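Heads up, the thing below is written out as structure tokens.
Because the structure is predicted, anything quoted here is derived from the model rather than measured. Residue numbers begin at 1 in each chain, while the letters A, B, ... track the order of the sequences.
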Amino acid sequence: MSNLGITPRATDYSEWYNDLVVKAGLADHSGVRGCMVIKPHGYAIWENMQRALDDMFKATGHVNAYFPLFIPKSYLSREAAHVEGFAKECAVVTHYRLKNDPDGKGVVVDPDSKLEEELIIRPTSETVIWNTYAKWIQSYRDLPLLINQWANVVRWEMRTRLFLRTAEFLWQEGHTAHATWDEAEQEALTMLDAYRRFAEEWMAVPVLTGVKSEGEKFAGADHTYCIEALTQDLRCLQAGTSHHLGQNFAKAFDVKFQTAEGREEYVYATSWGVSTRLIGTLIMAHSDDKGLVCPPRLAPVQVVFVPMGKEEALRAATIEMADRLAGEMRALGIRVHVDKRDKESPGFKFNDWELKGACLRVELGPRDLEAGTCVVARRDTGEKSTLSLEALVAETPGMLETMQKALYDRALEFREANTHRVDTWEEFERMFEGEAGPGFVLAHWDGTTETENAITEKTKATIRCIPLRPLDPGDDAPGACVLTGKPSARRVVFAKAY
RNA sequence: CGGGAUGUGGCUCAGCUUGGUAGAGCGCUGCGUUCGGGACGCAGAGGUCGGAGGUUCAAAUCCUCUCAUCCCGACCA
């Protein structure tokens, strides 16, 4: 009995998160340290995300390609700043052969198979890609080069959380080359905006867009843009990044092109990515103590039918009706499931599908069949309504849209209620006291890394971003740094980060 | 990489102090009764107690080493 249900959020938020991910069948811990198994139900969310994002990339002129998993060690040494960022968490391949253990059972690494040059499992692909682009780019006519890849990457993390931080994760990385600084800048901003739209329109998660401070930016970038989401436990979750790499990688890999005027110049670059972490973001934005609440546009199961009936014949009749209606919904492109399990009671199925995040549940019993009606329950509000069977299919898309919008509105309201403006150090410190985060705290900062570090050391708060647009017109007015009192051009966003 | 904890059927755990040849609940399989908010009865299957050494007539239990996982810190999409 005690293993029914999940830990309530109020009891322990991270236990709740773990329970939800595992019990809703999204992912599981694997036997491999730091790595998770993404289960079919979780992978289905990822597939829906991939489809939507990929369409956005294609619509902005990008094409997909695939680059190697292995990176020769020498490549990584080419761009110094970038190495510094990743060196501590790289998996390294040193041998290429196993042999039977001469002393017993099992296999051992064959010492004779040592690689002359070790291979690094990509923590990100800039180096392989720029090594390749150097061969592809000669003329301004080869630009811009707009390529994306869907891939796995490995960062040897010490502490892992399902979806949020694992040693291996799935993501998408776009890598583009441009003739001018401005064009690369435009690209970085375009993709940032694609991420923002994806978060808002598909995930129903409002995000802040901004630029990272020097300390928080991608090592190797000139500057880094990001989208930042707020979780239910009032922490900040970086959901996507878009980097203007300047000419850093072009210089490191000698990627030059000839301009129309015949001059030789280094190209300008961008890279941008989002990962399976988005699934964690989604969960922490909308879900509740009953389980997953998934925005309809990404939900693997948008509608679930629970047919019921005491006697065999009645049950058969409700199943038949459910199948018919489900067929009509599928024709409209709705993702439907008919739960025909015989051994589970309707009550069990209700709870089970709430756990798994089906958006709408259609209860179909003998009494409904007789009356020509059904009961529809909405996952986010729990609200139940009785609909006629004739109206059901036609009204479903509208109900899904309503829920999609309601989730966004609720999340936005939540963020607004948890965004604070703070002007004194006393108040700032108080906000970050205790375990729970305070949400977003907008405060003035003098712009120096020293102050940023000092604030983080004192409060555990980090600068999540410098907003591109003020959330409130007043946020862009000059003020005095919350710690040092030195001049500040605008408010920046502080939060406790995941 | 530091500090703490835990490894016993698929899952959650008891047994370990005081060594004597392995248990419960859930899940699973079969049959029957059930079915509008987490159903029930009966009958079954399933574990060399994380691994390797050691002590002992005898080890899940005691000792040593090792591996793995989880929590708390430092680091991170």
Looking at every strand, decide which applies to [X] at a 4.0 Å heavy-atom threshold: base, sugar-phosphate, or nothing.
X         : value
Phe218(A) : nothing
Val375(A) : base
Thr166(A) : base

Pairwise [atom1] distance, [M] and [N] [rounded to whole Å]:
N      : M      : atom1 : result
U6(B)  : C11(B) : C1'   : 16 Å
U48(B) : U29(B) : C1'   : 24 Å
G44(B) : A24(B) : P     : 13 Å
A74(B) : U66(B) : P     : 27 Å
G19(B) : G9(B)  : C1'   : 23 Å
U18(B) : G37(B) : C1'   : 50 Å
A45(B) : G51(B) : P     : 24 Å
G53(B) : U12(B) : P     : 28 Å

Can you name the side-chain hydrogen bond (donor to acceptor under 3.5 Å, both in side chains) partners of Lys39(A), sequence neighbours left out?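 side-chain hydrogen bond (donor to acceptor under 3.5 Å, both in side chains) check on Lys39(A) returns nothing, list empty.
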Look for any protein N or O under 3.5 Å of an N or O in nucleotides 29-34 of chain B and output each such pair with its distance, or none.
none

Taking for each residue the nucleotide of RNA chain B bearing the nearest heavy atom, is the 5' side occupied by Ser30(A) or by Ala239(A)?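 With Ser30(A) and Ala239(A) compared, the 5'-side residue is Ser30(A).
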Ala377(A) or Glu157(A): which one's nearest nucleotide on RNA chain B is closer to the 5' end?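 Checking each residue's closest nucleotide, the 5'-ward one belongs to Ala377(A).
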Can you tell me the distance, in whole Å, between the [atom1] atom of [X] and the [atom2] atom of [N]?
X         : N      : atom1 : atom2 : answer
Arg341(A) : G38(B) : CZ    : P     : 15 Å
Lys349(A) : G36(B) : NZ    : P     : 10 Å
Leu314(A) : G36(B) : CG    : P     : 13 Å
Asp28(A)  : C11(B) : CG    : C1'   : 11 Å
Arg378(A) : G37(B) : CZ    : P     : 22 Å
Glu344(A) : C40(B) : CD    : P     : 13 Å
Asp339(A) : G37(B) : CG    : C1'   : 14 Å
Leu369(A) : G36(B) : CG    : C1'   : 13 Å

Determine, for Asp352(A) against Lys356(A), whether the closest basic-nitrogen to carboxylate-oxygen distance falls under 4.0 angstrom.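 Salt bridge present between Asp352(A) and Lys356(A).
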Are Phe57(A) and Trp272(A) near enough that their ring centres are under 6.0 Å apart?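 Yes, they do, as the ring centres are separated by less than 6.0 Å.
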Are the ring centres of His223(A) and Tyr225(A) closer than 6.0 Å?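 Distance test on ring centres: under 6.0 Å, yes.
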Can a side-chain donor-acceptor contact be found between [Y] and [X] if the only test is distance below 3.5 angstrom?
X         : Y         : answer
Asp54(A)  : Trp150(A) : yes
Thr124(A) : Arg122(A) : no
His62(A)  : Glu187(A) : yes

Dot-bracket, 5' to 3', for RNA chain B please: Watson-Crick or G-U pairs under 3.5 Å, [ ] where pairs cross earlier ones, | where the partner sits on another strand, dots elsewhere. ((((((((.[[[[.)....(..]]]].((((((.....)))))).....[[[[[..)....]]]]])))))))....
Could you tell me whether a side-chain N or O of Asn351(A) sits under 3.5 Å from a main-chain N or O of Gly347(A), the two making a donor and an acceptor?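 Indeed, once roles are kept as given, a pair shorter than 3.5 Å links the two residues.
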Between the side chain of Tyr133(A) and the main-chain N/O of His175(A), is any donor-acceptor distance below 3.5 Å?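 Yes, Tyr133(A) side chain to His175(A) backbone: donor-acceptor pair under 3.5 Å.
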Taking the cut-offs as 6.0 angstrom to the six-membered ring centre and 45 degrees off its axis, would you call Arg155(A) and Phe169(A) a cation-pi pair?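 No, cation not above the ring by the 6.0 Å, 45° rule.
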Measure distances between side-chain N and O atoms of Lys384(A) and base N and O atoms of G37(B), and say whether any donor-acceptor pair falls under 3.5 Å.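 Side chain to base: pair present.
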Is it the case that G36(B) (base atoms only) and Asp368(A) (side chain only) share a donor and an acceptor within less than 3.5 Å, ignoring hydrogens and angles?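 Per atom types, the contact qualifies.
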Can you give me the N/O atom pairs linking the protein to nucleotides 70-72 of chain B at distances under 3.5 Å, or say none if there are none?
residue, atom, partner, partner atom, Å
C72(B), OP2, Arg159(A), NH2, 2.2

Please list all pairs passing the salt bridge (charged side-chain N to carboxylate O under 4.0 Å, His left out) test where one or both residues lie in residues 364-378 of chain A, with sequence neighbours left out.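 Those involving residues 364-378 of chain A are Arg378(A)-Asp380(A).
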State whether the number of non-hydrogen atoms from other residues, nucleotides or ligands found under 6.0 Å of Glu320(A) atom CD is greater than 12.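 Open: at most 12 neighbouring heavy atoms sit under 6.0 Å from CD of Glu320(A).
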How about CH2 on Trp156(A), more than 12 heavy atoms from neighbouring residues, nucleotides or ligands closer than 6.0 Å, or not?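 Result for CH2/Trp156(A): open.
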Does the structure show Trp171(A) stacking with A77(B), if we require the centres to be closer than 5.5 Å and the planes to be within less than 30 degrees of parallel?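 Stacking between Trp171(A) and A77(B): absent.
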For Phe305(A), check ring pair (Phe, Tyr, Trp, His ring centres under 6.0 Å) against everything at least two apart and list the hits.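 Phe305(A) satisfies ring pair (Phe, Tyr, Trp, His ring centres under 6.0 Å) with no residue once adjacent residues are dropped.
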Between G37(B), A74(B), A77(B), spot the one nearest the side chain of Glu354(A), thanks.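 Closest of the options to the side chain of Glu354(A): G37(B).
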Among G36(B), A77(B), G37(B), which is the nearest nucleotide to the side chain of Gln238(A)?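 Minimum distance to the Gln238(A) side chain belongs to A77(B).
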